[in-house]
Q: 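Below is a structure I'd like to ask you about.
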Amino acid sequence: MQIKSNVLDRQFFMYQKEYEAAALRVLRSGWYVLGNEVKQFEEEFARYTGRKYCVGLNSGLDALIMSVRALGIGSGDEVIVQANTYIATVLGITENGATPVFVEPDDFFNIDADKIEAAITERTKAIMVVHLYGQAGNMKRIVDVAKKHGLMIIEDCAQSHGACFDGKMTGAFGISGCFSFYPTKNLGAFGDAGAVVTDDEEFACNIRMMRNYGSKIRYYNEIEGLNSRLDEIQAALLRVKLSHIDELNDERRKLALKYDTEIKNDKIKLPQIREKADSIYHQYVIRCKDRKQLQAFLSEKGIQTEIHYPVPPHRAECYKRLGHKKGEFPITEMYADEVLSIPIYNGMTSEEQQYVIDKINEF
Ligand SMILES: *Cc1c(COP(=O)(O)O)cnc(C)c1O
């Protein structure tokens, strides 16, 4: 059997008619960028996340870059961020000339809230929280630390659409919740897209201006902006998917539960879920000291797996200038050496999943 790490067309076919109707509606409307579909999606997604405002953007990276910028964070400022994240999180900081200050992750692959205080200096402006692999971070502790030290919280929710901590949606804890709708994400579009959610009117207004050349009124430019507009087709397709996101997330949770209960191999550590947190299983990430052998074994059996991520940002070529050394973040580096994302996607059949389970247990 051949099993890919992700299969995107299955979730398209699940709601094919609705997607096609939405796309056609836009094609026939004669209005293609920042229109009624974007406005509707923004209202619906703000409601979904429990926030007052949503601003649709071009990508998750733009959501991060623009949030940091709109909060006035730049050169000379520091932003605390977990060391085991995707490069985009860190680019959101460094694109603004600010300095990322890395903190080790906890047992749940999220930032270790108990290690944040030691990383705070008088230059620290914000904590960038990543709800990695779909599991909400330790938000009670993080919010307490941020309050105590007067720091802003920016959430990278690129992998956590619909995941909650203590019943509250990720993206609703900080001043800014940054989302990506890249096709592989749980709420994926059919191309690039992203958004920021917030309760702060002025912040929302700034992001709105920034996404469209810094203007509220066309050709009257108040700030030096960007082009990060969400297009109507993506917004219309996202509205369809948003109306099904709870079912889609539940399907992944069921798949994860089956992995939790049926993978039985002493060489493998299964992902753990924090008390009060929940996960939408953007990835199902196991750990194995013999990862190389495990990955090769599964590959031989036709099962494709991924490593999220083999090189932590502090060891990335592009961040040599930050001067971090190998061994500086041992937990992060251990995770980079041990993590393996096994296939989990909407539309995965029970035969496919059983095959993956059997082969992992066989290893
Ligand atoms: C995907 C992702 C991003 C970037 O989103 P894009 O839409 O691809 O720009 C940022 N952070 C994390 C954690 C991601 O997984």
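Whatever order the structure lists them in is the order used to number ligands and atoms, beginning at 1.
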Q: Check whether any side-chain heavy atom of Ile65 sits under 4.5 Å from a side-chain heavy atom of Arg69, and report yes or no.
A: yes
Q: Show your working on salt bridge (Lys or Arg N to Asp or Glu O under 4.0 Å) between Lys148 and Asp144 and close with a plain yes or no.
A: CA-CA 6 Å; Lys148 182 172 158 197; Asp144 286 348; over 6 Å; no
Q: Is there side-chain contact between Leu242 and Leu187, with at least one heavy-atom pair below 4.5 Å?
A: yes
Q: Less than 3.5 Å apart, N/O on ligand 1 and N/O on the protein: could you list those pairs with the distances?
A:
unit_1: ligand 1; atom_1: 5 (O); unit_2: Ser180; atom_2: OG; d: 3.2
unit_1: ligand 1; atom_1: 7 (O); unit_2: Gly60; atom_2: N; d: 2.8
unit_1: ligand 1; atom_1: 7 (O); unit_2: Ser180; atom_2: OG; d: 2.6
unit_1: ligand 1; atom_1: 9 (O); unit_2: Gly60; atom_2: N; d: 3.3
unit_1: ligand 1; atom_1: 9 (O); unit_2: Leu61; atom_2: N; d: 2.8
unit_1: ligand 1; atom_1: 11 (N); unit_2: Asp156; atom_2: OD1; d: 3.3
unit_1: ligand 1; atom_1: 11 (N); unit_2: Asp156; atom_2: OD2; d: 2.7
unit_1: ligand 1; atom_1: 15 (O); unit_2: Gln159; atom_2: NE2; d: 2.8
unit_1: ligand 1; atom_1: 15 (O); unit_2: Lys185; atom_2: NZ; d: 2.7

Q: Donor-acceptor pair, distance only, cut-off 3.5 Å: does the side chain of Asn84 make one with the backbone of Phe109?
A: yes
Q: Should Val68 and Ile154 count as side-chain neighbours, where that means a heavy-atom distance under 4.5 Å?
A: yes
Q: Is Glu42 paired with Arg47 through a side-chain N to carboxylate O contact shorter than 4.0 Å?
A: no
